[in-house]
Amino acid sequence: MSSPFGTWPSPFSAARIAASSPRIDGSAFVGDEIWWGESVPSEGGRLTVRSSTGAEILPAPWSARSRVHEYGGGAWTADAEGTLYFVDAKDQRVHRMRRGDEPEPLTPAGPAHGGLRLQQGRLLAVREDLTSNPHRRGIVDIPLDGSAAEDPSLVTIVVEGEGFYAHPALSPDGSRVAWVQWTGAEMPWQHATLAVSDGVATVELSTRAALQPEWIGDDELLYADDPTGRWALHRVQLDSSGTALPAVRIDDVDADTGYGLWVLGNRWYRPIGDGGIVAVRTNGRDEVVVLDADGGARVLDLPADGHVSVDDVSGSRVLLSGNSSTTSPGVWCVDLDSDEVIAVTGAEPTDPAWMPPASPILVDGAHGPVYAFAYPPTHPTASAPAGELAPYVVLVHGGPTAHVTGAMSAVIPFYTSRGIGVLDVNYGGSTGYGRAYRERLDGEWGVVDVDDVIAAARGLAETGVADPLRIAIRGGSAGGWTVLSALVRGETFAAGISRYGVTDLRMLAEHSHDFEAHYIGGLVGPLPEAEGLYVDRSPLTHVDRIDVPVLLMQGADDRVVPPAQSEAVRDALDARGIDHEYVLYPGEGHGFRSTETIVDALERELAFLGRAFGFTPSS
């Protein structure tokens with residue numbers, strides 16, 4: 001069947017995409033069961049906990065979600081007997097829920113909690129109190145008997161200050177707690193310190209960007225750090241006085257075991273028996289390796305290869321959650337003795353007749369190499385008329401310190417099955433390629449990212465597979481900023497889709513929350529000295545240069561990028577008569593979670609591209 005690109009009939013409706021896109025949020029061995037966190041799009045994105053027995057552990061209306069550092073993470077954990085500990089999305093208190101009982105609070109009202117860690121019968125958490133002036137955060141030890149629910153003095157403060165904290169870890173004998181901390185003047189992937197306390201004195205180790213301490217003895221720690229430009233595993237011994245001996249790097253490869261510390265729940269490695277370690281290595285894509293005590297390494301044959309988290313270990317079994325280039329997102333249980341891999345949830349194989357494999361591409365940009373993944377239009381029976389070039393959508397991730405891995409996403413076949421190609425770009429500033437690539441964006445946000453997505457789009461067009469007159473660009477948050485900035489630049493993109501995108505740097509700096517208070521200064525420059533740059537680089541300043549259709553979508557309750565930013569662009573486009581559409585979604589924040597919103601947004605995007613590119617999409 002021959003029909004123009006963009007018009008092919010597709011079974012991938014927006015409703016199907018919304019129903020197939022629950023977000024997995026960690027997993028754990030709980031007795032003979034496996035539990036995992038999972039979002040429920042049909043219930044406004046509520047985060048529930050499910051069991052391998054088929055039971056839903058956390059019933060509606062309860063939702064396990066943390067707001068610590070704004071982005072949360074680590075909002076639930078459980079013990080071997082099946083008691084669930086979770087942060088309630090509404091009040092941010094930690095709750096305990098025994099099997100068959102109603103949840104009951106363990107912490108007093110007020111502060112938010114996240115990054116829960118249950119070890120040796122003690123519950124550690126990251127606590128954030130935004131009611132104090134100045135705001136205070138720390139690591140706390142929460143009584144499990146509920147006594148602190150009405151008496152804040154019963155919560156033990158391990159460490160507290162005006163900085164930021166993550167990854168608490170308790171030594172096997174319970175005498176020491178380790179954690180990661182940073183001042184906020186820099187982001188944690190720029191500089192973060194590993195600290196250890198015995199309750200009397202705190203020792204800060206010399207690290208560059210420490211991540212995830214894990215005890216392998218009462219006096220020995222593993223952690224990740226990137227002193228040479230790649231996050232790698234290190235081992236450090238503490239002497240009898242608590243002083244750290246020189247750290248030893250134990251995994252020297254051109255890959256990262258670690259990621260930007262945006263959320264609190266990620267785990268990139270776990271110690272296992274006999275001195276071994278299961279670890280994730282990232283160089284664009286992820287691989288999972290087993291490191292033995294003698295320094296040997298073997299790569300596990302797994303579907304999981306994108307944003308993989310090593311969630312839990314029990315004997316020879318390891319729980320992994322994440323994405324895959326050949327299946328839907330899921331949870332996998334791996335037996336390291338037999339190499340058996342069991343899909344616990346999700347992980348549905350993709351159909352190559354509908355889901356094109358990601359093709360890694362590398363183009364030369366103005367600032368160096370640019371990495372991306374290309375997905376051509378794919379359909380088992382439809383084809384385009386001879387000589388027609390395909391329209392493409394360039395996807396720009398947020399962060400901007402994030403990265404895409406070529407993993408399967410339900411959004412990809414939504415476009416490709418209709419005859420619209422997709423190019424997913426890891427512009428300079430993305431993680432997954434080492435510190436130098438990440439730091440390419442320092443001081444150059446709005447320059448490097450824009451140059452790189454333009455280079456990727458033009459490079460693809462030059463290969464002859466994409467119609468250079470029908471390339472759109474789509475992104476959210478920081479990705480939305482790059483979308484609008486690229487449209488301001490002109491020539492390359494014929495349309496743009498911005499989801500809750502940054503439009504005005506001064507407005508963003510004014511409304512920025514604590515976690516990112518100094519982030520923009522590193523990406524652009526300090527205020528007020530660099531105010532001229534803030535004005536010049538903001539898309540809102542140059543909206544008069546945008547002359548192509550724009551779709552703006554925004555959450556009404558977004559606290560990271562308030563609606564006023566999108567509305568300012570809307571008003572400017574409207575004043576000039578530029579084709580545009582603005583949609584405000586009540587109840588949505590920084591990211592769309594409800595089924596209704598996801599469906600509506602996708603349907604609007606498709607209709608928008610049809611209008612911009614001159615085709616009528618199939619229903």
Side-chain angles (χ1 to χ4, degrees), residues 14 393-398 400 411 445-446 449-450 453 471-513 520 524 534-594 596-614 617:
V393 176
V394 174
L395 302 185
V396 188
H397 66 67
V411 172
W445 193 32
D449 50 324
V450 176
V453 297
I471 300 179
I473 183 169
R474 171 190 189 263
S477 188
W481 151 275
T482 304
V483 166
L484 296 170
S485 298
L487 296 184
V488 164
R489 195 80 67 86
E491 297 183 353
T492 302
F493 299 105
I497 300 171
S498 171
R499 292 177 166 218
Y500 39 90
V502 177
T503 69
D504 185 331
L505 282 179
R506 289 180 300 174
M507 191 183 302
L508 180 66
E510 180 182 348
H511 293 284
S512 183
H513 52 96
I520 305 169
V524 182
Y534 281 59
V535 174
D536 185 59
R537 290 190 191 170
S538 294
L540 185 60
T541 303
H542 306 292
V543 173
D544 60 321
R545 299 178 186 173
I546 298 178
D547 57 4
V548 299
V550 181
L551 173 59
L552 303 163
M553 293 182 286
Q554 178 70 47
D557 299 335
D558 193 337
R559 296 189 298 177
V560 178
V561 179
Q565 294 223 17
S566 293
E567 290 167 358
V569 170
R570 173 203 63 188
D571 294 344
L573 293 172
D574 187 63
R576 295 179 51 242
I578 300 298
D579 182 9
H580 70 281
E581 182 179 356
Y582 173 71
V583 189
L584 184 67
Y585 293 107
E588 294 287 1
H590 198 64
F592 301 153
R593 291 188 170 92
S594 75
E596 293 80 5
T597 300
I598 294 169
V599 169
D600 185 79
L602 286 172
E603 290 180 343
R604 286 180 186 271
E605 288 182 4
L606 187 59
F608 170 78
L609 291 174
R611 292 194 304 272
F613 291 160

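None of these values were measured; they are calculated from a predicted model. Just so you know, these numbers use all the heavy atoms, side chains as well, and skip hydrogens, waters and symmetry mates.
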Do Ile497 and Ile473 come within less than 4.5 Å of each other through their side chains, counting heavy atoms only? no
N-O pairing of Arg499 and Glu588 below 4.0 Å: no
Gly479 backbone acceptor or donor facing His397 side chain under 3.5 Å: no
Would you compute the distance between atom CZ of Phe493 and atom CD1 of Ile546 and round it to the nearest 0.5 angstrom? 12.5 Å
Side-chain contact test, heavy atoms from C-beta onward, threshold under 4.5 Å: evaluate it for His590 versus Arg559 and give yes or no. no
Leu584 side chain reached by Pro563 side chain, heavy atoms, under 4.5 Å: yes
Would you say the side-chain atoms of Arg506 pair up with the backbone N or O of Ser538, donor to acceptor, closer than 3.5 Å? no
Cationic N near anionic O, under 4.0 Å, Arg604 to Asp600: yes
Within a reach of under 6.0 Å around CZ of Arg576, are more than 12 heavy atoms found that belong to other residues, nucleotides or ligands? yes
Donor-acceptor pair between Gln554 and Tyr582 side chains, under 3.5 angstrom: no
List the atom of Val535, the atom of His542, and the distance in Å for their closest heavy-atom pair. O-NE2, 4.5 Å
Interatomic distance, Leu540 atom CG to Ser566 atom OG [nearest 0.5 angstrom]: 10.5 Å
Donor-acceptor under 3.5 Å (Thr503 side chain, Gln565 main chain): yes
Nearest heavy-atom contact between Gly475 and Val483 is N-CG2, 3.3 Å
Within a strict 4.5 Å, meaning less than it, do heavy atoms of the Leu573 and Val543 side chains meet? yes
Which heavy atom of Ala495 sits nearest to which heavy atom of Ala612, and what is that distance? CB-CB, 3.9 Å
When rounded to the nearest 0.5 angstrom, what is the spacing between CG in Asp574 and CG in Asp579? 11.0 Å
Using every non-hydrogen atom in the two residues, find where Val569 and Leu552 come nearest and quote the distance to one decimal. CG1-CD1, 4.0 Å
Closest non-hydrogen atom pair, Trp445 against Pro400: NE1-CG, 4.0 Å
Between Tyr534 and Ala509 the two heavy atoms that sit nearest each other are CE2-CB, 4.3 Å
So do the side chains of Leu484 and Val550 get within less than 4.5 Å of each other, counting heavy atoms only? yes
To the nearest 0.5 angstrom, please state how far the CG atom of Asp547 sits from the CD atom of Glu491. 9.5 Å
So do the side chains of Phe608 and Glu605 get within less than 4.5 Å of each other, counting heavy atoms only? no
Taking Arg537 for the side chain and Leu505 for the main chain, is one N or O donor matched with an acceptor at less than 3.5 Å? no
Between atom CG of Leu508 and atom CD1 of Ile520, what is the distance when rounded to the nearest 0.5 Å? 3.5 Å
Apply side-chain contact (heavy atoms from CB on, under 4.5 Å) to Asp449 and Trp481, showing your working. CA-CA 10 Å; Asp449 50 324; Trp481 151 275; 3.4 Å; yes
For Ser594 and Thr597, test the side chains for any donor-to-acceptor distance below 3.5 angstrom and give the result as yes or no. yes
